[in-house]
Each structure stands twice: as structure tokens, then as C-alpha cells.
Amino acid sequence: MHDIRAIRENPAAFDAALARRGESALSSQVLELDEARRAKILAAETAQADQNKAAKAIGAAKAKGDEAEFERLRAEVADKKAQVATMQAEAKELDAKLTDMLARIPNSPAEDVPEGADEDDNVEVKRWGDVPAFDFEPKEHFEIAGVAKAMDFETAAKISGARFVVLKGAVARIHRALAQFMVDTHVDENGLTEVNSPVLVRDEAMYGTDKLPKFGDDSYQTTNGWWLVPTSEVPLTYSVAGDVIDESTLPIRYAAHTLCFRSEAGSAGKDTSGMLRQHQFEKVEMVSIVHPETSDDEQKRMLGCAEGILEKLGIPYRTVVLCTGDMGFGARRTFDIEAWVPGQNTYREISSVSTTGDFQARRMNARFKPADGGKPEFLHTLNGSGLAVGRCLIAVLENGQQADGSVKLPAALAPYLGGKSTLTAEGTLA
């Protein structure tokens, strides 16, 4: 949510930020609605004052025995009361329209975010690991002999339809091991607090984390009004909604492993093979709630946490900073980490680490109380994948594949796999 006072003070800067995102100028529309709302509030307050003044005069007229004046004032009070009620209702309606308008405007990008139209204008900032050289044509994950029978798309389609998968046997265990490894690393080494959070949330939680009202079609809603979370960013971030937190408790750092659900609206025909783009998937999410002065450093720290998972697994990756035209709606700055997938001979996104500044905090009214006793200020919120479990499984399987259809697994997973280090061509662990 944008600060209306900041727009009033510098509408040109607001429009310039929108222009960097490829959006049209909106300050004039926002301020026109804001001015109408403020004028209606002032008119209601003026009428209320007149009503109060007339109400006080009624008693004096009654005491003097001036019946005509008494009746005139009583009629005036009734008229003013009706006017006040009408004006207050109109002001409330205008306020709702302004709030809705502001809720649909994307966050302003940080000054250091590169300008661009789409993913082709993203800027690579880091590359790690050597892309593996194979003496055979590498396969995609679902084609590898040791994986194929345990990655069942046909049964999933029978149960649920397209963009679902049933994992079985050793592949299911590797998937589970990856999630456990990620959570343990974030808790034991990165200092995050593990949370087991709901995957069904209310409208307010989706709105507060900028998923509503604009992106309702991207998520699933139950018949009784709950939303299935697109990521646990929603419940973790919204946990501080409406709170005033002591500065001494910051930063708050959470990690959660949950199911996630996305309708994949607009992605028809895209990534239909394999399990790269699913309606239901699992992710280990990181969320940080911090003091505004530390949010940029916190984003770098979170990025390092996500990159560190891939490094421990030995998966080559590259990190890019998203340009203004490719950033998400609520992001102020986003880094994407892309893992190397030999089967497609390219890097594919496996994590996004974003700072939203105070954008979400304003929507949620989440603030902190400064240690010096000053006025409460809005918090800054950040979120990042640490990592997407299914996509990490793809990277592990494809990078570790062998000519005979087996897969050499990362040593970091051995403690979670009973010491086993290989997925055999027959689909067992050895």
C-alpha cells in the first residue's frame, strides 16, 4: 500500500516510479479522489459543528419560552443530523474507493533496480559452480531411468488432472529429504525459527500480503471463503498484522515448509512436461520482519541463505536482479536464483528473494515501537524461497544423472537417506 501523504507531497516522484515499471501516471487520479474524500470529511465536520451549536441553542430557547425559536432550532438540528449522516456515508465510500485504488497500484522499485521491460533485461550478478559435462545426452528429470517409474503423472492426472504428480518410493523420499535438509539448515545454521503454519487463510491475510484484490485468479478459494496459500509467505508475514512490536524483538526470522497452491492462470501450454510447473507443490519459505534501516542488508543475508542451500547440494546456479518490468507486484527489489537443469540446457528459477519495504506493513498496519519511545513506525517485510522443493529435486536428479540411468545424490542428503548416496537405475536407494 502506498502512503497517500507521500503522493501528495511528491506526485511527480510517484508517477516516475510507476513509469519505471511501465505503468501509466496515476497521481492525478489518486489525488483527485483523495481531495474529494477530504472535502467531504471537512463538510461533514462543519455540518456536525453547526448541529452541535444548534443543539446547545435549543436549551436556551426553551428556557426563554421562545417556542418558535425552539421549533426552528429543533428542525435545524434534525436537518443537520441528516446532512452529517449522508456526508459521512459519502466520505466512507470515497475512502473505500481510494483504498481500493491504492491497493491495485504496484510497489515503487528501489532506485538501484535496473530498468527494463521483461526477463530479457534482468541483470546477472553472480554465477556459482561448474556446469556438468556429460559424455552422453542428458535427459530431463522425468526421462531418467531411475526416476521414470516413481514420477507418476498418469495416476496424478486420473486423480486430479493436469499439472499434478504422484511421487513414489525412493524419489518421494529424496523429495522429503530435500525439504528436511533445507529446514534444518535454515534453523541450525541460518538462525531462522521453524514454523508450522496453516495453508488455509482468510481474505485479510491474502490482502495484507498483496495477493488480493488484484491476483485472486492466481490462487484457489474454498467454498466457505478460505484461500489455499500460494506460499507460506502469506501466513508468516500476516502473523504480525495489526501488531505494534517492540524494536528490541527485531529482526523476526521465520522458515516454514508447506504445501503451496497456484492456479497457474495465464500459463496454458507453458512447461507442461515434467513437474516444473504444478498446481500443488512444496516450498521452504523464509520470511523476515525487520527495522527499515536493516532491510537492504537483510535481503542480502536471505539471498545468501538460499544460495547456500544450492552450494551445499553442489547445484550450479546463477543469481539475477530482476528489472523493473519483471518484478512482482509487491516487490521493491527482487533477486532470482536460477539452478542449472541439464535436461533443458539452461538455468531455471528456483528461488525469488524480495524486499517489499513497508508496502505490506501498511496494508496490514504492522508497526514497531522505537526503543527511544518515539511514534510507532511501519515495519519492513521480506520473503524468499529457501527453496522450492520440487524444482530442487529436478536440479538434483538432472545434475546427478549417470549414463546408466542412475543418479548420484548430493552428500548433504546422505544423513536423511539412511546413508545412501545413489538412486539406482531400478529406482532404489543404494
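Nothing fancy with the numbering, it's 1 onward along the sequence.
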For Ala366, check side-chain contact (heavy atoms from CB on, under 4.5 Å) against everything at least two apart and list the hits.
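Listed in chain order: Val240, Ala361, Met364, Leu379.
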
What residues form a side-chain contact (heavy atoms from CB on, under 4.5 Å) with Thr324, not counting sequence neighbours?
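Thr324: side-chain contact (heavy atoms from CB on, under 4.5 Å) contacts with Arg20, Pro109, Val113, Glu115.
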
Walk me through it: do Thr381 and Thr356 pass the test side-chain hydrogen bond (donor to acceptor under 3.5 Å, both in side chains)?
CA-CA 6 Å; Thr381 61; Thr356 73; 2.7 Å; yes

Given side chains that start at C-beta, do those of [X] and [Y] come closer than 4.5 Å, heavy atoms only?
| X | Y | answer |
| --- | --- | --- |
| Ser288 | Pro251 | no |
| Phe142 | Ser273 | yes |
| Pro138 | Glu398 | no |
| Val187 | Thr193 | no |
| Val284 | Leu387 | no |
| Asp217 | Ser263 | no |
| Thr334 | Val321 | no |
| Gln278 | Val165 | yes |

Flag, side chain of [X] to backbone of [Y], donor-acceptor distance under 3.5 Å:
| X | Y | result |
| --- | --- | --- |
| Asn122 | Cys323 | yes |
| His141 | Met275 | yes |
| Ser295 | Pro292 | yes |
| Thr237 | Val234 | no |
| His186 | Gly386 | yes |
| Arg391 | Glu349 | yes |
| Asp372 | Gly374 | yes |
| Glu143 | Glu140 | yes |
| Ser108 | Ala17 | no |
| Asp121 | Gly116 | no |

Which heavy atom of [X] sits nearest to which heavy atom of [Y], and what is that distance?
| X | Y | result |
| --- | --- | --- |
| Pro370 | Pro376 | CD-CA, 4.0 Å |
| Met286 | Cys305 | SD-CB, 3.8 Å |
| Gly225 | Asp203 | O-OD1, 3.7 Å |
| Gly427 | Ala170 | O-CB, 3.4 Å |
| Pro198 | Val229 | O-CG1, 4.1 Å |
| His2 | Phe359 | NE2-CE1, 3.8 Å |

Arg363 to Tyr207, cation-pi by 6.0 Å centre distance and 45° axis angle:
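Judged by the rule (NZ or CZ under 6.0 Å from the ring centre, within 45° of its axis), Arg363 counts as positioned above Tyr207.
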
Tell me whether the centres of the aromatic rings in Tyr347 and Tyr317 are closer together than 6.0 Å.
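Between Tyr317 and Tyr347, which both carry aromatic rings, the centre distance is not below 6.0 Å.
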
Centroid-to-centroid, His291 to Phe368, below 6.0 Å?
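For His291 and Phe368, the ring centres are under 6.0 Å apart.
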
N-O pairing of [X] and [Y] below 4.0 Å:
| X | Y | value |
| --- | --- | --- |
| Glu23 | Arg21 | no |
| Asp243 | Arg367 | no |
| Arg318 | Glu338 | yes |
| Arg262 | Asp218 | no |
| Glu233 | Lys211 | yes |

With a 6.0 Å cut-off (strictly less than), is the heavy-atom count around [atom1] of [X], excluding the residue itself, greater than 12?
| X | atom1 | answer |
| --- | --- | --- |
| Asp130 | CG | no |
| Glu32 | CD | no |
| Arg348 | CZ | yes |

With Tyr238, which residues qualify under ring-ring contact (aromatic ring centres under 6.0 Å, His included), at least two apart?
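Partners of Tyr238 by the ring-ring contact (aromatic ring centres under 6.0 Å, His included) criterion come out as none, since no residue qualifies.
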
Distance only, no hydrogens: is a donor on one side chain within 3.5 Å (strictly under) of an acceptor on the other, for Asn224 and Thr222?
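Thr222 and Asn224 do have a side-chain donor-acceptor pair below 3.5 Å.
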
What residue pairs, at least two apart or across chains, pass side chain to side chain donor-acceptor pair (under 3.5 Å) with a residue in residues 403-415?
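Checked against side chain to side chain donor-acceptor pair (under 3.5 Å) - neighbours excluded - the pairs reaching residues 403-415 are Asp404-Ser406.
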
Does anything in residues 299-308 form a side chain to side chain donor-acceptor pair (under 3.5 Å)? List the pairs, not counting sequence neighbours.
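Those involving residues 299-308 are Lys126-Glu307, Glu298-Arg301, Gln299-Arg333, Glu307-Thr319.
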
Atom pair [atom1] ([X]) and [atom2] ([Y]), whose distance is rounded to the nearest 0.5 Å:
| X | Y | atom1 | atom2 | value |
| --- | --- | --- | --- | --- |
| Trp340 | Asn345 | CH2 | CG | 4.0 Å |
| Asn399 | Ile315 | CG | CD1 | 4.5 Å |
| Leu423 | Leu397 | CG | CG | 7.0 Å |
| Thr99 | Arg104 | OG1 | CZ | 12.0 Å |
| Gln360 | Met1 | CD | CE | 11.5 Å |
| Lys312 | Phe181 | NZ | CZ | 6.0 Å |

Should Leu429 and Thr422 be marked as a side chain to side chain contact (heavy atoms under 4.5 Å, CB included) after you check the CA-CA gap, both sets of side-chain angles, and the distance that decides it?
CA-CA 6 Å; Leu429 288 172; Thr422 301; over 6 Å; no

Show your working on side-chain hydrogen bond (donor to acceptor under 3.5 Å, both in side chains) between Asp15 and Ser27 and close with a plain yes or no.
CA-CA 6 Å; Asp15 286 338; Ser27 66; 2.6 Å; yes

How far apart are the C-alpha atoms of Phe329 and Phe215, what are their side-chain angles, what is the distance that settles it, and do they pass the side chain to side chain contact (heavy atoms under 4.5 Å, CB included) test?
CA-CA 9 Å; Phe329 175 84; Phe215 300 102; 3.3 Å; yes

Side-chain donor-acceptor pairs under 3.5 Å in residues 87-97, sequence neighbours left out?
| from | atom 1 | to | atom 2 | distance (Å) |
| --- | --- | --- | --- | --- |
| Glu90 | OE1 | Lys40 | NZ | 2.9 |

Any idea how His279 and Phe164 line up, ring-wise: parallel (<30°), tilted (30 to 60°), or perpendicular (>60°)?
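Answer is tilted, since the angle falls between 30° and 60°.
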
Partner of His257 under side chain to side chain donor-acceptor pair (under 3.5 Å), chosen from Gln180, Lys283, Glu282, Glu285
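When Gln180, Lys283, Glu282, Glu285 are each tested with His257, the side chain to side chain donor-acceptor pair (under 3.5 Å) holds only for Glu282.
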
